Amino acid sequence: MAALIQSLLEEISRIEDPVEELQSLKTALLAIPVSALRDSVSGQRLDVIFSLLSSNDRQQVELCVEILDRILMALSPLYLVQNYRTELQGGLTHPNETVKILALTQIGRMVDHPDAATEILNNEDILKAVILCIREEKMSVAKQAIKSLSKLSYSKPGLDKLFHSELLKVIKQVMTTSDIIRYRVYELLVEISSASPISLGYCANTGLISQLLSELTGDDVLIRATAIEMVTSLAHSQHGRQYLAQQGIMDKISNMIRGAETDPFSSLYLPGLVKFFGNLAIMDSPQQVCESYPVFQSKVFEMALDTDPAMIGVALDTLGLLGSTVEGKQVLQKTGRENVKAVLLRMSQLASSGATELRVRSLDALSQLLTLMPEQQTEDLLALTESWFLLLSKEPMEMIRSISTQPFPELHCAALRIFTAIATQPWGQRLMMSTPGFMEFLLDRSAGKTKEAKDSKFELVGSLAGSSTAAEILGSQHYLRLKTYLREGP
C-alpha cells in the first residue's frame, strides 16, 4: 500500500489538473485503518499536497484537506512539528477556512504532546498566528483556535508563554476588534481558568477576568447576558466558584435578580442569572444556595407562572434540576404547599397543551421531580412524590397516558419517562394496578414505532419489573408478563 501511495503522490506532482488522482489517493487512504496508516505514509513527502493548497480550485483544496487530515492524524505530533511546522503555520493564514481548521487541529495536537509542545513554545510566531485566528469571521475557525490554545493551560511553560510574554499583548489587541471577539477571548480565558487553580491565577493576574466580571453590570443588556453565560461556565469548577465568591459575584447576581423587576429589558438576561444559581445549587447544595439567596427560588416560581415562553422554559429546567436531588425536593417542599401546588398545576397545563418544546420540557422537569432511587425511598419522601403526582390533575395517570398516545415521538417518550419515574415506587405501582387497562397499555408493542419509543417503553418495563416490591403489588401473573416482555427485548 505504501508503494501505491508513493506512486499516486508522484503522479499528482507531474500533472496540471490532479483532481481525479487526488480522489484516488483519498480512496486509497480511507481503505487503510488509521492505526496501520502510519507505516504506509511515514517518510512520504507531502510537499506536493501542501503546495496544491494554494490553488483557487475549491474542490482541489477540499480534497487536499481531506487527504492531509487523514495522513497527519496518523503521524505523531513530534514528527509533524519536526517536518511540517512551516507548512502548518502557512495554513493559519490560508483564505479557506477548512485549511485553517486543519492547521489549528494539528497545532493543537502538538501543544498537547510534551516534546512537540516545547518546539511550539519556542516559536512565538505560530502561537501569535493561532491567537489571531480567534478574530476570524468563521466561528468554526475561532472555536478551533480557542480549543488549541486552551491546551497550553496543561503545563506551566505553556501558561508562562501565553501570559508572561509578548503574546499577552496580542491577546489584548485581538480583544479590541469587537464585542463578539472580546467574548471569544473571554471564552478562552474561562476555558483555561477552569483547568486548575494555578491556571485561574494566571488568568486573574492579567486583569481580564476582573474585566469580564465588571461587564455583568454594564449598560448593554446583550453584553450582560453573554457575561453571565461566561461566569456560569467559570462556576463549573470548585476553584472557579471559590474565586467568584471571593469577588462577591454571588451577591452581585442575587442583587441583579432583585433589581430586574424594575428593568424593562431584564427578560434578555434574567434567564441567565437564574441558570447561574440553578447550576450552583446542583454543584454545591440546593439548601445552602436557596437559603443564602432566597430571591433565586422565589424568582424561579414566579417565572414558572409567567407568560413568556423563554422565562417558563428556564424555570422548568431549573425546577427539574433542583428536583433531581433529594435535598432539592425537600427545599422545594419547604417553600409551602400552595406555592408547589400552583407550579405543579402550571406544569401539568403546559404538558397537556401548547408548544411541543415547552410540553417536553415540562414533562422532563416533572419526571426529575418525581424520580426517587430505591435507596432514597423513605416513608416521608415517598409521601412527598406521591402528593406531587396527585396534584397534577384529578386523574394524573390518565392525563400522562393521554399525552403518551399523541403522534409526537418526543412527547410520547417524555410521558413514558414520568411513568418510569414512578414505576420503582410502591404508590406508583399501586396506581398502575388500579388504573383500568394500564397493564395492557404497558405491554402493547404496537404503540410507538420509533426506536426511541421502543427503548423508552423497554426502560419503563425494566424499571417496574426490577423493583423489589413489583411482584407483590402487581401479582405473579402481571409480573411474569413483564419478565417475558423483557426477555423478548425492545
Side-chain angles (χ1 to χ4, degrees), residues 320 323-324 326 329 344 347-348 351-352 359-360 362-379 381-490:
S324 65
V326 165
K329 285 177 172 63
L344 286 170
M347 291 168 86
S348 168
S352 301
R359 294 181 73 184
V360 171
S362 191
L363 290 164
D364 283 344
L366 284 170
S367 66
Q368 287 176 292
L369 287 164
L370 294 167
T371 296
L372 269 184
M373 294 296 115
E375 65 275 12
Q376 299 168 339
Q377 292 180 12
T378 62
E379 203 174 313
L381 285 168
L382 285 167
L384 175 65
T385 52
E386 181 178 13
S387 71
W388 284 358
F389 186 74
L390 296 176
L391 283 172
L392 293 177
S393 85
K394 286 179 183 172
E395 293 186 17
M397 289 294 286
E398 199 46 55
M399 180 195 100
I400 304 297
R401 182 165 60 173
S402 168
I403 295 169
S404 78
T405 57
Q406 291 174 20
F408 303 101
E410 58 268 55
L411 277 179
H412 175 77
C413 294
L416 290 184
R417 283 193 287 273
I418 291 186
F419 286 138
T420 304
I422 68 170
T424 60
Q425 301 173 59
W427 63 263
Q429 293 163 12
R430 283 191 286 272
L431 273 176
M432 289 177 178
M433 277 304 292
S434 63
T435 301
F438 188 84
M439 295 308 288
E440 287 67 28
F441 157 79
L442 191 59
L443 297 164
D444 179 11
R445 289 184 182 271
S446 66
K449 298 292 186 186
T450 65
K451 183 184 184 302
E452 290 77 15
K454 289 176 182 176
D455 289 346
S456 294
K457 177 73 78 75
F458 192 73
E459 189 185 344
L460 165 54
V461 173
S463 293
L464 185 56
S467 165
S468 59
T469 54
E472 183 189 342
I473 293 173
L474 303 179
S476 56
Q477 187 185 351
H478 288 305
Y479 184 69
L480 288 172
R481 288 175 72 196
L482 292 175
K483 287 290 191 183
T484 304
Y485 186 105
L486 290 177
R487 264 200 312 276
E488 291 169 358

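In this text, all values refer to a predicted model and were calculated from it rather than measured experimentally.
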Can you list the residues that meet the salt bridge (Lys or Arg N to Asp or Glu O under 4.0 Å) rule with Lys451, with sequence neighbours excluded? Asp455
Once rounded to the nearest 0.5 Å, what's the spacing between atom CE of Met397 and atom CE of Met432? 5.0 Å
Applying salt bridge (Lys or Arg N to Asp or Glu O under 4.0 Å), can you list everything that pairs with Arg359, at least two apart in sequence or on another chain? none
For Glu440, does the CD atom have more than 12 heavy-atom neighbours from other residues, nucleotides or ligands under 6.0 Å away? yes
Tell me if a side-chain donor or acceptor on Glu398 pairs with a main-chain N or O of Glu395 at a distance below 3.5 Å. no
What side-chain donor-acceptor pairs closer than 3.5 Å can you find for residues 417-431, not counting sequence neighbours?
residue : atom : partner : partner atom : Å
Arg417  : NE   : Asp364  : OD1          : 3.1
Arg417  : NH2  : Asp364  : OD1          : 2.9
Thr420  : OG1  : Leu416  : O            : 2.9
Thr424  : OG1  : Gln377  : NE2          : 3.4
Gln425  : OE1  : Thr385  : OG1          : 2.7
Gln425  : OE1  : Trp427  : NE1          : 3.0
Gln425  : NE2  : Leu370  : O            : 2.7
Gln425  : NE2  : Ala421  : O            : 2.9
Trp427  : NE1  : Leu382  : O            : 3.4
Trp427  : NE1  : Thr385  : OG1          : 3.2
Gln429  : OE1  : Thr469  : OG1          : 2.8
Gln429  : NE2  : Ala423  : O            : 2.8
Gln429  : NE2  : Ser467  : OG           : 2.8
Gln429  : NE2  : Thr469  : OG1          : 3.4

Would you find more than 12 non-hydrogen atoms of other residues, nucleotides or ligands less than 6.0 Å from Glu375 atom CD? yes
Pairs touching residues 460-490 that satisfy ring pair (Phe, Tyr, Trp, His ring centres under 6.0 Å), sequence neighbours left out: none
Among all residues two or more places apart in sequence or in another chain, which pass the salt bridge (Lys or Arg N to Asp or Glu O under 4.0 Å) test with Glu452? none
Hey, could you give me the CZ/CG distance between Arg487 and Leu482, rounded to the nearest 0.5 Å? 11.0 Å
Spacing of Phe438 atom CZ and Arg401 atom CZ [to the nearest 0.5 Å]: 7.0 Å
According to the salt bridge (Lys or Arg N to Asp or Glu O under 4.0 Å) rule, which pairs have a member within residues 465-480, sequence neighbours left out? none
With a 3.5 Å distance limit and no angle check, can you tell me whether Ser348 reaches the backbone of Leu344 through a side-chain donor-acceptor pair? no
Short side-chain to backbone donor-acceptor contact, Thr378 and Leu381, under 3.5 Å: yes
Do His412 and Gln406 make a side-chain contact, defined as non-hydrogen atoms from C-beta onward lying under 4.5 Å apart? no
Strictly distance-based, threshold 3.5 Å: is any side-chain N or O of Lys457 a donor or acceptor partner for the main-chain N or O of Cys413? no
If I take atom OG from residue Ser352 and atom CD1 from residue Ile400, how far apart are they, to the nearest 0.5 angstrom? 7.0 Å
Side chains of Leu464 and Leu442, heavy atoms from C-beta outward: is any pair under 4.5 Å? yes
